[in-house]
Amino acid sequence: MSTSSPARQQPEPKYWHLKTVLAQALDTEFSVGQTLPNERDLAARFGVARATLRQALDQLELEGRLQRRRGVGTTVAPPRVGVDVSPGRHAGPAADGGAWEAVDCAGSAPAAAVARDLGLPAGRPVRTVHRVLMAEGQPVATEQLYVSPGLVSAPGAAQEQGPGPERARAVLDRLRTVPWDGQDRAVELGSAGAEDARLLDRLPGSPVLIVTTRYTAAGRTAAVAVATYRADTCRLTFGDRKALTLTAG
């Protein structure tokens with residue numbers, strides 16, 4: 001006598017069924033950029049509790065079907081932007097083809113995990129380059145690039161005394177002269193903190209993709225880039241297939 005597994009015996013969650021119904025409505029009743037009715041009206045239309053509706057909307061946002069913006073509400077999302085993060089395109093932390101826009105360079109203490117990767121004690125400030133990735137005039141990712149002390153010449157050069165973008169570009173220019181050995185990359189799903197949410201025009205807690213890249217030189221990790229991508233907007237590609245070209249805004 002065969003028995004069903006516990007997973008098969010579980011009924012489909014109510015919010016999951018609602019998500020399917022909402023997805024069909026997005027395809028037939030709404031266009032890209034159109035604002036959805038408020039939660040109260042949507043819950044009344046589909047005969048569900050607002051908590052169930054929020055779960056369904058959260059899932060659709062995670063899948064890139066919806067976007068939530070401050071002062072705008074919930075809108076139908078355009079197709080995701082392809083972002084090429086393959087190693088061939090990023091041989092070093094500054095070899096990005098100009099897609100990233102330099103914002104600032106300052107000293108800041110990285111998270112404990114990044115400090116360990118760099119072989120530094122927790123809380124020690126390092127030179128940190130901040131960049132933003134733009135697509136179609138909108139910010140789709142932000143990055144903190146942590147540079148090991150001594151990797152490039154000591155700060156104080158004339159180029160590092162100007163405005164933030166100039167300081168950042170001066171450091172990136174010197175990083176291009178470093179003979180990099182290799183890199184490894186990890187991708188995980190996360191939620192936007194207050195600062196990332198502000199920079200990416202998202203709500204705090206919105207889903208994001210966090211890409212951490214460790215660059216090695218002279219046999220050790222010498223730079224770590226922590227990039228936060230909008231999960232509702234970006235589709236990361238890792239192969240040789242060319243992704244949609246991104247340009248700085």
Side-chain angles (χ1 to χ4, degrees), residues 19 22-23 26-27 30-36 39 53-87 89-90 93 96-104 108 110-111 113-114 128-146 165 168 185-213 224-239 241-249:
K19 187 212 75 165
L22 284 170
L26 295 180
D27 291 335
F30 298 89
S31 57
V32 170
Q34 187 173 351
T35 303
L36 269 62
E39 289 185 359
L53 174 68
R54 290 193 189 103
Q55 286 182 293
L57 294 176
D58 288 344
Q59 187 64 38
L60 288 170
E61 182 183 18
L62 184 61
E63 295 177 5
R65 298 298 309 274
L66 297 175
Q67 292 180 346
R68 289 168 171 169
R69 299 179 59 189
R70 295 184 183 88
V72 176
T74 302
T75 62
V76 181
R80 279 190 168 108
V81 174
V83 182
D84 185 359
V85 295
S86 59
R89 184 177 174 85
H90 300 268
D96 53 33
W100 288 88
E101 178 181 350
V103 176
D104 197 6
S108 64
V114 175
T128 306
V129 175
H130 173 214
R131 301 192 291 179
V132 173
L133 184 64
M134 306 292 291
E136 300 177 2
Q138 298 294 325
V140 297
T142 181
E143 179 191 76
Q144 302 288 342
L145 172 63
Y146 302 97
R185 182 170 290 121
V187 182
E188 57 188 322
L189 181 65
S191 57
E195 181 61 13
D196 283 331
R198 182 186 67 82
L199 293 170
L200 298 175
D201 192 22
R202 309 292 289 126
L203 295 174
S206 297
V208 293
L209 298 170
I210 301 174
V211 180
T212 301
T213 308
V224 177
V226 180
T228 302
Y229 293 83
R230 287 180 53 156
D232 66 322
T233 301
C234 296
R235 184 184 71 254
L236 305 185
T237 63
F238 295 84
R241 186 176 64 179
K242 185 176 178 59
L244 188 67
T245 300
L246 296 176
T247 57

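Just so you know, these numbers use all the heavy atoms, side chains as well, and skip hydrogens, waters and symmetry mates.
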Do L189 and L62 have side chains that approach each other closer than 4.5 Å (heavy atoms only, starting at C-beta)?
yes
Please enumerate all residues that pass side-chain contact (heavy atoms from CB on, under 4.5 Å) together with R198, with sequence neighbours excluded.
E195
Interatomic distance, CG@L57 vs CD@E39, rounded to 0.5 Å, equals 6.0 Å
Side chain proximity check, E61 to T74, heavy atoms < 4.5 angstrom:
no
Quick one: CG on L199 to OG1 on T228, what's the gap to the nearest 0.5 Å?
9.5 Å
Shortest non-hydrogen contact between G64 and A77, atoms and distance:
O-CB, 3.3 Å
For R230, enumerate each residue passing the salt bridge (charged side-chain N to carboxylate O under 4.0 Å, His left out) test, keeping only those at least two apart in sequence or located in another chain.
D232
Residues forming a side-chain contact (heavy atoms from CB on, under 4.5 Å) with T128, sequence neighbours excluded
S108, V126, Q144, Y146
Going from CG on D58 to NZ on K19, what distance comes out if it is rounded to the nearest 0.5 angstrom?
12.5 Å
Between atom OG1 of T35 and atom CG of L66, what is the distance when rounded to the nearest 0.5 Å?
11.0 Å
With a 3.5 Å cut-off and sequence neighbours excluded, list the donor-acceptor pairs that the side chains of residues 204-213 form with protein atoms.
residue: S206; atom: OG; partner: L203; partner atom: N; Å: 3.3
residue: S206; atom: OG; partner: L203; partner atom: O; Å: 2.6
residue: T213; atom: OG1; partner: R185; partner atom: NE; Å: 3.0

Quick one: pull up OG1 in T75 and CG in L36 and give me the separation to the nearest 0.5 Å.
8.0 Å
Between CH2 of W100 and NE2 of H130, what distance do you get to the nearest 0.5 Å?
8.5 Å
Listed partners of R65 passing salt bridge (charged side-chain N to carboxylate O under 4.0 Å, His left out), at least two apart:
D27
Are the side chain of R202 and the backbone N or O of R68 linked by a donor-acceptor pair below 3.5 Å?
yes
Would you mind reporting whether P78 and Q67 have side-chain heavy atoms less than 4.5 Å apart?
yes
So, the side chain of R80 versus the backbone of E63: is there a donor-acceptor pair under 3.5 Å, distance only?
yes
Which heavy atom of V76 sits nearest a heavy atom of S31, and at what distance?
CB-O, 3.3 Å
State which residues pass side-chain contact (heavy atoms from CB on, under 4.5 Å) with P139; sequence neighbours excluded, sorted by chain then number.
V132, M134, L200
